[in-house]
Amino acid sequence: MASLPLLPKPISPLFKTPPFSTSKPLVFLNFQTRLTSRSSDVSVNLKKKNNPWLDPFDSGEDPENEYGSLYVDGKQEEDPRLPDNPDNPYGFLKFPKGYTVELASLPLKIRGDVRRCCCVISGGVYENLLFFPTIQLIKDRYPGVQVDILTTDRGKQTYELNKNVRWANVYDPDDHWPEPAEYTDMIGILKGRYYDMILSTKLAGLGHAAFLFMTTARDRVSYIYPNVNSAGAGLMLSETFTAENTNLSELGYSMYDQMEDWLGRPFRSVPRTPVLPLRVSISRKLKEVVAEKYRNAGAATGKFIVIHGIESDSKASMQSKGDSDSLLSLFKWARIIKGIRGFKPVFVIPHEKERENVEEIVGDDTSIVFITTPGQLAALINDSAGVIATNTAAIQLANARDKPSIGLFSSEEKGKLFVPYAAEKSNCVIVASKTGKLADIDIGTVKNAMQIFEGSLALV
């Protein structure tokens with residue numbers, strides 16, 4: 001008769017007191033199953049808010065439970081593993097020889113450590129740029145975490161400004177009918193990276209929730225639709241945030257507040273992690289390329305004002321999906337730049353076909369720079385004396401680099417939503433239209449706001 005297999009060692013050394021009692025046997029059995037099960041459906045460090053009826057015996061963590069010496073409190077430590085194999089271009093060898101990658105320590109699972117995190121970002125340049133503070137929050141909350149990004153082709157360009165991101169892959173989460181080969185290939189790639197957490201800013205229904213579920217990440221966190229389209233999504237997600245409306249971008253600068261509040265939540269001895277303001281880093285190569293561009297256009301470092309937000313049908317305008325009325329006609333810009341004193345206005349065009357229009361309406365001697373990527377736009381703003389822009393990525397980049405800026409908005413409500421910090425900063429002025437249309441903005445008010453550039457003129 002074959003001998004019975006050896007039972008696993010009990011988990012009681014983790015506790016100072018026995019983890020079970022005769023009064024709550026079912027709670028212990030559920031807890032034991034969670035720790036030993038290979039399924040990634042449930043994590044003990046998360047509260048199942050979505051559908052409490054899925055587990056009627058889950059009453060949350062036992063408040064009388066005490067953790068012993070095997071449990072290390074506080075934030076996770078940096079990854080102690082050896083560096084990647086430099087001869088392997090694909091980064092598959094993430095563990096030293098002789099180690100079993102499938103095994104992780106029990107305290108690590110209870111504490112909810114995150115070694116690899118994937119962020120699925122919906123939208124273009126503007127939406128990805130506003131996600132930068134969330135990425136910094138993840139790095140602060142989980143020391144040593146590796147952050148990867150999955151976003152659109154335009155959104156991927158943003159991450160040349162972020163040193164906290166390891167990989168950025170192109171995949172459009174907003175495509176309702178993706179190619180089957182592309183869909184299954186991306187699931188295979190994400191599943192092979194063994195993510196501990198996957199975050200998504202796309203409003204999830206059952207389809208997108210199934211995509212996140214098939215990545216087999218331990219924690220699957222996403223926004224969901226505020227209507228019937230979210231039906232069934234909670235079954236496949238660990239944590240959900242119900243969006244206030246169907247267009248998350250309309251919430252402006254604070255569009256990711258719910259996710260940031262959950263990520264920065266306090267846990268035992270770890271206090272709440274604060275959300276830092278938007279910051280970008282610019283490489284030396286980007287600065288050199290852009291410097292050559294604006295010098296060829298006749299501008300000098302620190303002696304020009306960036307003009308961004310001319311009316312165009314190009315995707316490189318870097319608008320927000322939450323503000324469609326955010327581009328101004330060249331006739332308005334021609335009147336605005338007449339109020340600039342001591343600096344040279346530099347027009348940023350998103351497409352070469354706009355060059356002829358600028359020269360015809362504004363003047364043949366106008367300085368024009370053709371820029372389509374947020375990295376080059378940030379480098380241009382960094383070398384400028386200030387920015388005058390509509391509600392595009394330029395106004396956010398100017399504040400990220402602490403440059404004097406004037407933001408032109410269609411209404412005061414839009415200005416407060418997208419630039420809520422303007423009242424606290426002395427070098428940021430919001431000029432709003434009184435009619436609700438950007439085309440009706442008062443030119444005289446814009447010219448009066450140009451006094452904020454006088455400090456830059458004194459430095460020059």
Could you list the donor-acceptor pairs under 3.5 angstrom formed between side-chain atoms of residues 177-184 and any protein atom two or more places apart in sequence or on another chain?
from: Thr184; atom 1: OG1; to: Pro180; atom 2: O; distance (Å): 2.9
from: Thr184; atom 1: OG1; to: Ala181; atom 2: O; distance (Å): 3.2

Open item on the list: If you compare all heavy atoms of Glu127 against all heavy atoms of Ser249, which two are closest, and at what distance to 0.1 Å?
Closed with: OE2-OG, 3.1 Å
Open item on the list: Rounded to the nearest 0.5 Å, what separates atom CD in Gln319 from atom CG in Asp325?
Closed with: 9.0 Å
Open item on the list: List the residues meeting ring pair (Phe, Tyr, Trp, His ring centres under 6.0 Å) with Tyr225, not counting sequence neighbours, and say none if there are none.
Closed with: none
TODO: Identify, with sequence neighbours excluded, every residue that meets salt bridge (charged side-chain N to carboxylate O under 4.0 Å, His left out) alongside Arg355.
DONE: Glu352
TODO: Report the residues that fulfil side-chain contact (heavy atoms from CB on, under 4.5 Å) with Asp174, sequence neighbours left out, ordered by chain and then residue number.
DONE: Ser122, Asp172, Lys202, Lys321
Task: Side-chain ion pair, Asp196 and Arg116, N-O less than 4.0 Å - done: no
Open item on the list: What I'd like to find out is whether the side chain of Asn245 reaches to under 4.5 Å of the side chain of Leu251, using heavy atoms alone.
Closed with: yes
Open item on the list: In terms of relative ring orientation, are Tyr171 and Phe211 parallel, tilted or perpendicular, with 30° and 60° separating the classes?
Closed with: parallel
Task: Nearest-0.5 Å distance, CG of residue Asn164 to OG1 of residue Thr134 - done: 12.0 Å
- [ ] Anything under 30° is parallel, anything over 60° is perpendicular, the rest tilted; go ahead and classify Phe304 against Tyr294.
- [x] tilted
Open item on the list: Which residues pass the side-chain hydrogen bond (donor to acceptor under 3.5 Å, both in side chains) test with Ser410, not counting sequence neighbours?
Closed with: none
Task: side-chain contact (heavy atoms from CB on, under 4.5 Å), paired with Leu380, selected from Val348, Val387, Ile282 - done: Val348
TODO: Using the six-membered ring wherever Trp is involved, compare the ring planes of Tyr159 and Phe132 and label them parallel, tilted or perpendicular (cut-offs 30° and 60°).
DONE: tilted
Task: Pairing residues for Phe347 by the ring pair (Phe, Tyr, Trp, His ring centres under 6.0 Å) criterion, not counting sequence neighbours - done: none
